[in-house]
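Whatever order the structure lists ligands and atoms in, that order sets their numbers, starting from 1. Values in this document were obtained by computation on a predicted structure and should not be read as measured data.
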Amino acid sequence: MHLQNVRVLGPTGLSLPTTVEINAAGAVERDASGLILSPGWLDLHAHLRDPGFPQKETLQSGATSAAFGGFTHVVAMANTRPVTDRPAPLRALMARAVDLPIRVSFVAAVTMGLEGRTLTDAAALRRAGAVALSDDGRHLMDKATLRRALRAAAEAGMPLLIHAQIERLGNGPESEAAAVEEALEALQAVPGARLHIQHVSTRAGVDLIRTGKRHALRVTAEATPHHLALTAADVLALGPHGRVNPPLRSVDDRDALREALAEGVIDAIATDHAPHDADAKAAGANGFHGFETALAVVMDLGLDDRVLYRACVERPREIIGQSIDDEWILIDPTAEWIVDGGSFKSRGKNTPFAGRRVRGRIVMTTCRSQIVMERVMQHA
Ligand SMILES: [Zn+2]
């Protein structure tokens, strides 16, 4: 497909309008004046709820939703039912993922059943296709187990991703700081290991990661669009619909995340897409739909274009060792729309952004050289 007059997002920022040929079957010339072409975004942190919770999401509904959100590659967490802690079910998931509209990679559990005690077989899970290990949703490993997990992941050639909260301390800011500190200590003791901190939400967490990076520790970190955009005050009125873990924090914490993202202390933006059925959400389940609001929320942060590329395209792939492969998104940066969970392709309609007027929308997504999503835009 020839795209004319399109600006391209790359490592050095946004290009001037130019003509680009992309590999996408069945399409021809297209005037893309005013639009931005970017390699598809990679989401390091998604809950696709499959197997086990089809009322919340499936591989198919999640992948379709991701395509509409501008993600051509998402990484699914292991806290499904059963937990992805053995090679055979992982291989079954990998086989099903081949037919999805976008690329889905899988994280396997660090410990059996996410219980924090017995390590999974990292090498076998790696051979079955896992891109990383994480007990996300839980964090029950003691220091010794954490060190052994880092060593096992490193030997298998994978990063260890952690949901940094000491469970017995709850989910307050001090719990995140304690978990990050403990994990960095463990990392120091295991040469060659790579540690990735999921959904960092506090200034204290950011400061510890910054110090670790200054000491050349191999630590990376992600922040979610909702922690970058919102604070506790924004969801007070939402009651159970405002519940998420880590919770939304103070203005100071949010500002620390934004600064850290600009600096590169926070490497990546990851959604922590956590769909729930309406009953579960009303009953207080933690988590927000992430895929279909991410682009508009992130674009509203006013990031430098180079930071946007680094956080949404480049660093997520580097962290899990993946490359860009004929996957593109076409963005209309000026399109305004009102967030309505009912319109999501995802089965999870639970969004803290409901009713907000936002700017920035995906016009087209291609993956594996196919157009997998195209939206007819109303231009003023
Ligand atoms: Zn988590």
Point to revise | Metal proximity, H199 vs the Zn ion (ligand 1), N/O/S cut-off 2.8 Å | key: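 Of the N, O and S atoms in H199, at least one lies under 2.8 Å from the Zn ion (ligand 1), which means yes.
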
Check your understanding: Of the backbone and side-chain N, O or S atoms of D136, does one lie nearer to the Zn ion (ligand 1) than 2.8 Å?
Key ->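 Yes, within the cut-off.
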
Check your understanding: How about H289 and H273: are their ring centroids closer than 6.0 Å?
Key ->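 Distance test on ring centres: under 6.0 Å, yes.
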
Point to revise | Under-4.0 Å salt bridge between D50 and R96 | key: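 Yes, D50 and R96 are salt-bridged.
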
**Study point:** Within 6.0 Å of NZ in K345, more than 12 heavy atoms from elsewhere
**Key:**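 No.
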
Check your understanding: Among side-chain atoms of D279 and Q55, is any donor-acceptor pair under 3.5 angstrom?
Key ->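 No, because no side-chain N or O of D279 sits under 3.5 Å from a partner of the opposite role on Q55.
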
Practice item. Considering just N/O/S atoms, say which atom of H163 is closest to the Zn ion (ligand 1). Key: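 Relative to the Zn ion (ligand 1), the closest nitrogen, oxygen or sulfur of H163 carries the name ND1.
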
